[in-house]
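See below for the structure under consideration.
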Amino acid sequence: MNPEKIVIPLAPGTVAPRDVLARFAPHGYTLMSLLESRARAQPDKTFLVFEGGRTSYAQVLAGARAAARALAARGVRAGDRVGVISANHPATVFTFFALGHLGAIMVSVNPDYGVEEARYVFTHAGVCGVVAAPATLEKARAACAALAPAPWFALNQPGAGAPPLVGDAGADADALPPGGAAPAATCILVYTSGTTGFPKGVMHSQKTVVLAGEGFVQRMFLQPDERILCVLPMFHINAVFYSLTGALVAGATLILEPRFSAARFWEVAEATGATEVNTIAAAAGILMRRPRSEYRPGHKLTKMFGAPFDAEVYRVFGEEFHLPHVIEGFGMSEIPGAMNNPFDGERRVGSMGLPSTHPDPAVRLTELKVIDDDGNTVGPRTIGELAVRTPTIMQGYYNDPEQTRAAFRDGWFLTGDLAWVDEDGYYWFVARKKDIIRKRGENVSGAELDRVIGNHPAVLEAAAIPVPADLGEDEILVAVVLREGMRADAAEIAAWCRARLAPIKVPRYVVFVDALPHTPTHRVEKFRMRQDKTLRERAVDLAAPG
């Protein structure tokens with residue numbers, strides 16, 4: 001296997017993506033119409049597998065309809081926002097499609113968020129209600145304590161403290177309340193950290209989600225008998241836009257895991273007969289370093305999608321774990337599925353790939369270009385900012401017209417990432433232009449860390465930057481300037497963050513410095529800090545043994 005360029009022939013009998021879609025009746029590019037088209041064609045086929053239980057397409061449709069009735073009874077109408085805070089669970093799937101039918105919007109929140117983080121999202125979104133897991137209900141109540149009008153609360157499964165979302169489904173399982181569904185209706189807010197330090201609510205329409213799912217069938221050549229293992233959380237685009245919607249579009253089966261467990265990964269893969277999995281670099285790196293005694297050679301996985309993957313990921317998963325199709329791509333919450341290395345063509349290791357395509361060649365998905373600071377397109381092998389135009393693009397940032405305007409130039413979305421394109425049209429990532437740290441698949445705002453740590457009484461100024469992680473992507477390093485006469489140590493800074501932020505945002509490295517580099521307008525020059533390799537060498541590694 002050439003470590004730089006890989007071409008693997010399609011397996012005999014592979015159904016072309018266009019033919020996969022043609023197996024089903026046309027739909028209206030809404031979430032419920034897509035689900036109904038698949039449920040009519042194969043009502044008894046298993047759609048969801050969760051903790052040993054199986055739910056058919058007809059049962060998922062019935063669950064979505066019951067949830068729609070329950071939400072309508074609580075007063076949910078078109079345009080309303082409903083929070084969901086839970087680990088992966090079938091109820092989230094039912095709620096998502098139910099809200100889509102009503103023309104309402106799911107606001108899914110990381111269940112590991114602290115109260116303050118959840119409060120910001122729920123307040124900014126203005127949720128009218130929250131569907132929580134029993135384990136997250138009290139956190140949700142605390143986060144919404146100051147909201148007016150007060151939202152309602154429901155549990156996604158039996159438990160104490162609030163009624164279940166769906167109680168008595170009623171005698172008529174097919175009855176649906178009037179809906180406000182339209183392809184252009186916003187159906188989901190994905191909150192992602194931005195350079196301002198406050199999360200932004202990325203708005204996507206129902207058509208965007210469906211198109212992204214259709215594009216994923218093309219990207220991974222998903223087959224009708226595919227069994228897609230979903231280990232990533234449903235508060236980010238990967239699980240919803242690729243795993244869930246991709247499985248639905250293909251008429252395949254989704255194996256939904258509550259959380260990623262490296263220790264149980266191969267056991268689950270073998271026991272469930274999974275054939276495809278979507279992952280992130282950090283998860284792949286962890287699996288590569290786990291004891292080989294956990295590996296199950298009887299697994300049926302043949303496909304893995306994610307990014308960024310280096311040559312070692314391709315080697316280990318290809319040669320040791322026997323996954324022939326390791327596909328690297330690129331997307332953001334704002335532009336899901338923008339590009340990928342082709343499943344049925346040449347894959348270039350380390351590349352972001354080619355612009356994504358749709359199973360129907362008449363549907364144009366992604367257009368890409370690399371531009372200079374003046375917006376001019378640059379030639380091959382010239383570094384510039386990556387700009388994207390695609391029908392799967394976000395509708396904008398919720399309640400933030402200024403940030404929305406700043407994200408676009410002449411109809412093109414500005415990714416904030418530096419890249420270049422080779423003579424064959426493959427794109428290559430260089431660096432992040434924005435102040436974002438990519439840790440274990442999560443976008444962590446450096447500005448948010450600067451602000452939170454800067455509020456410590458002993459801290460004069462702080463600046464967070466990414467440094468390479470052992471398992472791929474980034475770790476967080478924070479440089480801290482203390483106030484004159486004040487004291488603090490690295491453990492205290494970490495504890496301050498731990499009390500106010502999600503665990504993913506707690507820095508691994510803390511270094512105390514006399515001053516930070518600044519521009520003439522007193523902005524911290526983080527690019528200079530990234531170039532200073534001594535910062536990591538001088539820093540306290542909070543993950544070090546002892």
Side-chain angles (χ1 to χ4, degrees), residues 1-4 6 87-88 112 228-233 236 238-239 243 255 257-272 274-330 341 347 349-351 429 437-444 465-477 494 502-510 533 536-537 539-546:
M1 180 177 67
N2 187 321
E4 301 299 327
I6 302 171
N88 288 352
D112 292 333
I228 298 170
L229 178 58
C230 179
V231 297
L232 298 180
H236 275 182
N238 194 304
S243 297
I255 302 159
E257 285 292 293
R259 295 175 181 271
F260 171 67
S261 169
R264 296 183 60 250
F265 178 85
W266 294 112
E267 175 189 349
V268 170
E270 182 182 52
T272 60
T275 60
E276 195 270 356
V277 65
N278 302 321
T279 186
I280 55 176
I286 291 169
L287 290 172
M288 289 166 58
R289 290 161 177 81
R290 296 289 300 179
R292 290 301 187 261
S293 59
E294 295 173 354
Y295 175 69
R296 302 294 180 90
H299 77 82
K300 296 181 180 178
L301 283 171
T302 62
K303 305 173 183 178
M304 181 174 77
F305 175 80
F309 294 154
D310 59 19
E312 185 66 3
V313 172
Y314 282 86
R315 186 194 70 77
V316 171
F317 278 86
E319 297 179 7
E320 295 188 38
F321 297 155
H322 305 289
L323 271 73
H325 299 289
V326 176
I327 304 295
E328 184 173 4
F330 170 84
N341 275 271
R347 306 164 195 169
V349 175
S351 167
F429 177 79
I437 302 167
R438 185 74 172 174
K439 182 178 177 183
R440 288 182 234 148
E442 298 269 0
N443 284 335
V444 178
I465 60 170
V467 294
D470 298 332
L471 301 176
E473 297 189 337
D474 303 325
E475 289 285 1
I476 300 169
L477 180 147
I504 196 77
K505 300 178 183 178
V506 177
R508 175 174 174 175
Y509 301 98
V510 178
K533 304 304 181 184
R536 182 168 176 174
E537 296 169 0
V540 175
D541 182 355
L542 292 162

Which residue, V467, I476, L477, D541, forms the side chain to side chain contact (heavy atoms under 4.5 Å, CB included) with R508? D541
Using a 4.5 Å cut-off on heavy atoms from C-beta on, say whether the side chain of M304 contacts that of V326. yes
Between F265 and R296, is any pair of side-chain heavy atoms under 4.5 Å apart? no
Heavy-atom side-chain contact between L301 and F317 under 4.5 Å: no
Nearest heavy-atom neighbours spanning E328 and P308: OE2-CA, 3.5 Å
Are E294 and R264 ion-paired here, with the side-chain N under 4.0 Å from a carboxylate O? no
Is there a donor-acceptor pair under 3.5 Å between the side chain of R438 and the backbone N or O of G441? yes
What distance do E270 atom CD and Y295 atom OH have between them, rounded to the nearest 0.5 Å? 9.5 Å
Does any part of the side chain of C230, heavy atoms only, come nearer than 4.5 Å to the side chain of N88, both counted from C-beta? yes
Calculate, to the nearest 0.5 Å, the distance between atoms OG1 and CD1 belonging to T272 and I228 respectively. 12.0 Å
Please report the closest heavy-atom contact between A307 and E473, naming both atoms and the distance. O-OE2, 3.8 Å
Is it true that a side-chain atom of R536 and a backbone atom of P468 form a donor plus acceptor pair closer than 3.5 Å? yes
How far apart are the closest heavy atoms of L542 and A494, and which atoms are they? CD1-CB, 3.6 Å
Does the side chain to side chain contact (heavy atoms under 4.5 Å, CB included) test come out yes or no for E276 and L229, once each step is laid out? CA-CA 6 Å; E276 195 270 356; L229 178 58; over 6 Å; no
Could you check whether any side-chain N or O of N278 sits under 3.5 Å from a backbone N or O of L232, counting only pairs where one atom can act as donor and the other as acceptor? no
Does a side-chain heavy-atom distance below 4.5 Å link M288 with V313? yes
Can you find a pair of side-chain heavy atoms, one from S243 and one from N238, that are under 4.5 Å apart? yes
Would E257 and V277 count as a side chain to side chain contact (heavy atoms under 4.5 Å, CB included) here? Give the steps. CA-CA 11 Å; E257 285 292 293; V277 65; over 6 Å; no
Taking every heavy atom of A469 against every heavy atom of E475, the minimum-distance pair comes out as CB-CG, 3.5 Å
How long is the gap from NE2 on H325 to CD1 on I6, to the nearest 0.5 Å? 11.0 Å
Is any side-chain heavy atom of K303 closer than 4.5 Å to a side-chain heavy atom of I327? no
Relative to the ring of F309, is the ring of Y314 parallel (under 30°), tilted (30 to 60°) or perpendicular (over 60°)? perpendicular
Run the salt-bridge test on E442 and K439 with the 4.0 Å N-O cut-off and return the result as yes or no. no
Just how far is it from atom CD1 of I437 to atom CD1 of I504, taken to the nearest 0.5 Å? 11.0 Å
Can you confirm whether H322 sits close enough to P297 that some side-chain heavy atom of one is under 4.5 Å from a side-chain heavy atom of the other? no
